[in-house]
Amino acid sequence: MLTPFHLAINVTDLDQTRGFYGDVLGAKEGRSTETWVDFDFFGHQLSFHLGPVLKTESTGYVGEHLVPMPHFGMVLALPDWRVLASRLHAAEVVFVIPPSVRFEGEPGEQWTMFFRDPSGNPIEFKGFTDLDRVFASH
């Protein structure tokens with residue numbers, strides 16, 4: 001059984017953060033103060049604090065892409081990933097890497113998409129046809 005993961009990162013505006021993570025990504029808001037807010041992010045605790053956002057650069061080579069580093073995200077079952085990709089398109093989210101498949105036919109085949117939240121924090125969502133293959137090496 002997986003236990004919840006906790007991640008705390010900085011954002012520049014809590015109202016924009018609430019709109020994006022709550023309305024667009026569907027996360028349920030938890031506790032908050034004037035300087036931070038928690039979300040249930042697919043069963044994990046994601047906390048956003050007002051402050052300077054980490055500098056990111058596209059320096060991570062994955063397949064044929066340079067991906068923003070650092071980044072965080074989720075691994076979803078492919079049908080759920082596709083629903084989220086449609087919601088992001090409908091919300092006119094700008095993709096750093098649009099929804100696509102990588103490592104097709106190989107161990108670890110996955111669908112991926114990268115985008116940024118309103119503060120510029122990069123997020124990746126992966127979709128797998130079989131979640132038991134997330135760590136597959138052969």
Q | Closest non-hydrogen atom pair between E109 and V101, with its separation | A | CG-CG2, 4.1 Å
Q: Would you give the length of the straight line joining atom CG of L14 to atom OG1 of T35, rounded to the nearest 0.5 angstrom?
A: 7.5 Å
(Q) Do L76 and W111 make a side-chain contact, defined as non-hydrogen atoms from C-beta onward lying under 4.5 Å apart? (A) no
Q: Might you point out which heavy atoms bring G127 and W81 nearest each other, and give the distance in Å?
A: N-CD1, 3.4 Å
Q. If Ile, Leu, Val, Met, Phe, Trp and Tyr residues are connected whenever their side-chain heavy atoms lie under 4.5 Å apart, and connections chain through other members, are F41 and L7 in the same group?
A. yes
(Q) Nearest 0.5 angstrom please: L50 CG to N10 CG, how far? (A) 8.0 Å
Q.
So T17 and D117, do their side chains get closer than 4.5 Å, heavy atoms only?
A. no
Q. If Ile, Leu, Val, Met, Phe, Trp and Tyr residues are connected whenever their side-chain heavy atoms lie under 4.5 Å apart, and connections chain through other members, are F39 and V11 in the same group?
A. yes
**Q.** Residues in side-chain contact (heavy atoms from CB on, under 4.5 Å) contact with V75, at least two apart in sequence or another chain
**A.** K126, F128, L131, V134
Q) With sequence neighbours left out, what residues match H65 under ring pair (Phe, Tyr, Trp, His ring centres under 6.0 Å)? A) none
Q.
With ring-ring contact (aromatic ring centres under 6.0 Å, His included) as the rule and sequence neighbours excluded, what pairs involving residues 3-25 come up?
A. Y21-F48
Q. Hey, what do you get for CG (L46) to CZ (F72), rounding to the nearest 0.5 Å?
A. 5.0 Å
Q. Would you say V37 and F42 are hydrophobically clustered, going by side-chain heavy atoms of ILVMFWY under 4.5 Å?
A. yes
Q.
Is the ring pair H71/F114 parallel, tilted or perpendicular, if the boundaries are 30 and 60 degrees?
A. perpendicular
Q. Do the side chains of L84 and M113 get nearer than 4.5 Å, heavy atoms only?
A. yes
(Q) Please give me the minimum heavy-atom distance between W36 and R31, naming the atom from each residue. (A) CZ3-O, 3.4 Å
Q. Shared ILVMFWY cluster between I123 and L78, side chains joined below 4.5 angstrom?
A. yes
Q.
Testing the basics here: between A136 and P107, what is the closest heavy-atom pair and its distance to 0.1 Å?
A. O-CB, 4.0 Å
Q | Set of residues satisfying side-chain contact (heavy atoms from CB on, under 4.5 Å) with respect to P70, sequence neighbours excluded | A | L54, T56
Q: Kindly give the heavy-atom pair with the smallest separation between D13 and S119, and that separation in Å.
A: N-OG, 4.1 Å
Q: Please collect all side chain to side chain donor-acceptor pair (under 3.5 Å) contacts where either partner lies in residues 90-107, sequence neighbours excluded, each pair once.
A: R102-Q110, R102-E124
Q) Residues two or more places apart in sequence or in another chain: which of them pass side chain to side chain donor-acceptor pair (under 3.5 Å) with H89? A) none
(Q) Using every non-hydrogen atom in the two residues, find where L88 and L25 come nearest and quote the distance to one decimal. (A) CD2-CD2, 3.9 Å
Q | Non-hydrogen side-chain atoms of T112 and F125 separated by less than 4.5 Å | A | no
Q. How about R116 and V96: do any of their side-chain heavy atoms sit closer than 4.5 Å?
A. yes
